[in-house]
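In what follows, a structure is listed as C-alpha cells, so that the remarks can point back to it.
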There are 4 protein chains.
Amino acid sequence: MVGKALGKGNPARADARRQQVLDAAGQCFRRAGFRGASMSDISAMAGMSTGHIYHYFKNKEAIVEAIVERNKDSVLSDIEQLKRQPDVLQALIEGASQCMVRRPQDDLDDPALLLEIFAESSRNPVVAALLRQRDAILRESFQEALAIGQQQGSIVREADLNSLIDLLAAIFDGLIIRNALHPDTDRDGMLRLFRLLLERFLRPA
Amino acid sequence: MVGKALGKGNPARADARRQQVLDAAGQCFRRAGFRGASMSDISAMAGMSTGHIYHYFKNKEAIVEAIVERNKDSVLSDIEQLKRQPDVLQALIEGASQCMVRRPQDDLDDPALLLEIFAESSRNPVVAALLRQRDAILRESFQEALAIGQQQGSIVREADLNSLIDLLAAIFDGLIIRNALHPDTDRDGMLRLFRLLLERFLRPA
Amino acid sequence: MVGKALGKGNPARADARRQQVLDAAGQCFRRAGFRGASMSDISAMAGMSTGHIYHYFKNKEAIVEAIVERNKDSVLSDIEQLKRQPDVLQALIEGASQCMVRRPQDDLDDPALLLEIFAESSRNPVVAALLRQRDAILRESFQEALAIGQQQGSIVREADLNSLIDLLAAIFDGLIIRNALHPDTDRDGMLRLFRLLLERFLRPA
Amino acid sequence: MVGKALGKGNPARADARRQQVLDAAGQCFRRAGFRGASMSDISAMAGMSTGHIYHYFKNKEAIVEAIVERNKDSVLSDIEQLKRQPDVLQALIEGASQCMVRRPQDDLDDPALLLEIFAESSRNPVVAALLRQRDAILRESFQEALAIGQQQGSIVREADLNSLIDLLAAIFDGLIIRNALHPDTDRDGMLRLFRLLLERFLRPA
DNA sequence: CATGAATGAGGGTTCATTCAT
DNA sequence: AATGAATGAACCCTCATTCAT
C-alpha cells in the first residue's frame, strides 16, 4: 500500500464529496455518537458505498477530526463577527440568544454534536489536541473582541480578561448543552435573565 | 437455576456485589466511554467473571442506567445540603467552587462521567428519562434552597425562580464540563470572577 | 481491553482446542496459503465459531507462528532420532526417503506447509525470526548427529561440518519441496540415486 | 470503446506497457507476495492508473501467470546456455554457483519470486500447469545438456538420466531457496563442498 | 489510451450475550 | 453463586474490478 493522495482528480468535486461525507457523518454522530455510528451508517446516509468513503478520509477518526475542525471554523467566524459590531456586549448577548435558539438541523455547530466532541475528547488524544487548539484560537479571537468592547466602553475595563473568557466560555458551553438536552426549557425567560446577568456584570456602571 | 433471580439469595451480599460492578463500570466508562468499555473490561475490573455480571444486571445498558441513577442521587444530596446552610448564596458559591476542584477520582459525581451521560442521553431514551427525572428533582430541591435564601435575605426576591434555576443549572453544568475538559485552567481566577458575578447578580443591593 | 490469558480454565481441554485450531489452520493454509485462508475458513474447518478462535490465539499471525513452532518441534525430534541409530548415515538416508514418501496428510511437517512458511518468512519478520531460530536449533542438533556419525566411522571425518549441514539442509529442502510440487516423480529411481550420492559422498572410503 | 482489445493499437508500445506492468508486479510480488501486493501497489509502481492495467491484463491472476511464464523463459535460457559449454559438468557447477550468488535485484529469476511461485502452484491450477510445463521443457533441455556431457566424457555414462535430472533439479531448487532465505550463509564453503559432491558423483572415475 | 471515482464483497477482529458446568 | 467457553453479528477497513469521462 503506497500513501495515495485522497481525492485528487477534480478538487472541486472531491471537496464537495468530502463535505457530503461530513454532513452525513455529522447527522449519524449526533444520533448515535462517534462509536455508535458505523461507517456503514455514514455511507448509507452520504449516499455512497462504504469503501468509497476511504477515498476521502483515511479513517473513521479522520472524519471525527474533520468535524471538530469544521466546528472550530464555524465558531471562530461567529466570534470574528463580534468584533465588527458597534456594541460588542450587545452582540455577545445576541449571539448567546442565537446559540439557544439554533436547532440541531444546522449542521455546523450543532450542540449535540459539540457534546459528542467533548465526550470523545476525554478519551481520544487526537480529538483532545484538536479541541485544545480550537480553544486557543477561539480564546485569542474572543480576547480581541472583548478588548474592542472595552475600547468601545461597552465592557468593564477592570476585568481580568483571561479568567473572564474562561468563565464566559463555560457559561456559553453550559447554555448550549442545556439547550441540546432540554429542548422544552422556557428559553425566553432564561434569556431575559441571562441578558440581565451579562449587562449587570459586564456593562460599566 | 431459578428463572431470572438477579441476585436474590443473600440480599446484603448481592447488593454489595452490584455496587462492586457499578464501581468498576464507573471507572471503565470514565476511561473509555459507555460504548468503549467492554463487558470484559468491566468484569476484569470488578474482579468477577463476565458471565456473572449478568446475574446482577440484565445487560450492559442496565449498568449504564444504574450508573446514571447513582449519579443523580449524588447530585441530589449535594443540593439538599444547600438548604441547611445559613447563607444559601454563599453555600451556592462554595458548591460551585467544589465542582471545579473535584477530581475525577471521586466516583459518584465525576465530570467526565457526567459528560458521558449527557452525550448518551441524546440517544438512549432511558438515560434521557433518568436525566429528566434527575433534573426535576434537582429543580425542586434547588427551588426550595433558593426560596430559603430569599427568606434569609441572601438572594434577591424579584427573580423569576424557574428561569433562574435553569440559568444557574446551565452555568453549573458549563463549569463542571469545562473543569473536566480543561484541567489546566486558572481555577482561582475564574472562581473569583464567578463569585463576583453571583454576588452582583443575586445578592440584594 | 485488558490483556487476558488465553484459554485458562481447563488446561488440558484448552490445549486440545488449540491443537484443533492448529490442525484446521494447517489444512487451510496448505490449501490456500496464509493470506488466502480466512479466519472464517479456519473456524469452519476447526468446527468452532470464528470469534472463539480468538480465545486461543491472539491473532491470525499467532496461529502462523504456532504452526512454524510445531513444525520445528517435529523436525527436531526427527533429527534427535538420528543420533540414536547405529549407522547415522544409513539413518539419514532412510530419513530422506521418508521425507519423500510422506504424504500431505501428516500434518506436522507437511512439505506444502513448509513451502508456505518459507514464502511467508521472506516478508513476515516474525516468521523469519522464528525460522532463523528453528534453523539454529536444527543445525545444532544436526551437527551433533553428524559428529556421532563421524565417531561411528559412518561419515567422513575431513568434512567441514558447518558447510556440510548447509548443503545437506538445502538438498533436503529441495527434495521435500520437489516432492510436494511433483507428486508424479519416479521416487524410487530418484531415491536410489540419492542414496548412491550420499554414500559416495559421505561414507569413508 | 471496442470490445476487449487488450492493447491492440500500437503493438510495440502495448508490449512495452505490458512489460512495464510485469516489472512493477515482479517487484511488488517479491516484496509482499502474490496475495499481499494489491493492484493499487502494482499500478503505483508501474506509473499508471489502476484501471488502465486492465487494458493489458484481464485480472490480477493473469499478471501472476505472466510473471510465472517470464520466469520460466528465463530459467530455460539459462539451461540452453549449458549445452554450448565445452565441459558441461563444469558449467553445471558454475551455474549452481551463480544461483547462489544472484541477488534479489535481478528481476527475472529471483529466488524469492520463485518461492512465491512454488507456493502459489499448489493452489492455482494455471500456475501449477505452467510450472509443470516449465519443468518439462527444462527437463528436456537438461537431458540434452547431460547427454552432451556424457559424450564429452565429463559425466558418468551409467546414470539413469531421468532420475538424475530429478535429483539435480531438486538440489538446485534447494540451493536457490536456501539462498533466498538465508542470505548470511557461508556461500563459499558450501559451494566448495557442492562442487566436490558433483565432481565425485558425476565425473567418471 | 488513460484516468480515478465508485462499488461491494470479504478480510480480520471485537464483543455483548448465553449456557453448560 | 460463579465460571469462562462459545456464539454470531457487527465493526472498520481493503481491494479486485468496473465504468463514465
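In what follows, chains are A, B, ... by sequence order, proteins preceding strands, each numbered from 1.
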Here the distance between atom P of F/dC11 and atom CZ of A/F34, to the nearest Å, is 17 Å
Looking at F/dT3, F/dA16, E/dC1, which one has an atom nearest to any side-chain atom of B/H52? F/dT3
I would like to know whether C/R31 and C/M45 meet side-chain contact (heavy atoms from CB on, under 4.5 Å); could you show each step before the answer? CA-CA 12 Å; C/R31 282 182 197 166; C/M45 175 138 298; 3.6 Å; yes
5' priority, DNA chain F, between D/T50 and A/A37 [closest heavy atom]: A/A37
At a heavy-atom distance below 4.0 Å, what parts of residues 38-49 of chain C sit against DNA chain E? C/S38, C/M39
Of the nucleotides E/dT13, F/dC13, F/dT18, which has the atom closest to the C/N59 side chain? E/dT13
Taken to the nearest whole Å, CZ/B/R17 to P/F/dT3 is 6 Å
Please give, in whole Å, the distance from E/dT18 P to B/K58 NZ? 9 Å
With rounding to the nearest 0.5 angstrom, report the CG to CG distance, A/N71 to A/L131. 8.5 Å
How many whole angstroms separate atom OH of B/Y56 from atom C1' of F/dT3? 12 Å
Minimum heavy-atom separation for D/R35 and C/R35, please, with both atom names. CB-CB, 3.7 Å
Main-chain N/O of B/A14 paired with B/R18 side-chain donor or acceptor, under 3.5 Å: no
Taking all atoms of both residues into account, what is the closest heavy-atom pair of C/A119 and D/E116, and its distance? CB-OE1, 4.1 Å
Atom CZ in B/F34, atom CD1 in B/I67: separation rounded to 0.5 Å? 7.0 Å
Does the distance from a Lys or Arg side-chain N to an Asp or Glu carboxylate O, for A/E65 and A/K58, drop under 4.0 Å? no
Here's a test of your reading of the structure: between A/R13 and C/E61, which maps to the more 5' nucleotide of DNA chain E? A/R13
Search all heavy atoms of A/S121 against all heavy atoms of A/A128 and return the closest pair with its distance. O-CB, 3.3 Å
For the side chain of A/H55, starting at C-beta, report the closest nucleotide among F/dA5, E/dA2, E/dT7. E/dT7
Select one nucleotide: of F/dT14, F/dT17, E/dT17, the one nearest the side-chain heavy atoms of D/K60. F/dT17
Starting at CZ of A/R35 and ending at C1' of F/dC11, how long is that distance when rounded to a whole Å? 12 Å
Atom-to-atom span, CD1 of B/I53 to C1' of F/dA1 - whole angstrom: 14 Å
Tell me the interatomic distance from C/Y54, atom OH, to E/dA16, atom C1', rounded to whole angstroms. 18 Å
Over all heavy atoms of both residues, which pair between A/N59 and A/Y54 is shortest? Give the atoms and the distance, please. CA-CE2, 4.4 Å
Writing each nucleotide of DNA chain E 5' to 3' as (, ), [, ], | or . by Watson-Crick or G-U pairing under 3.5 Å yields .||||||||||||||||||||
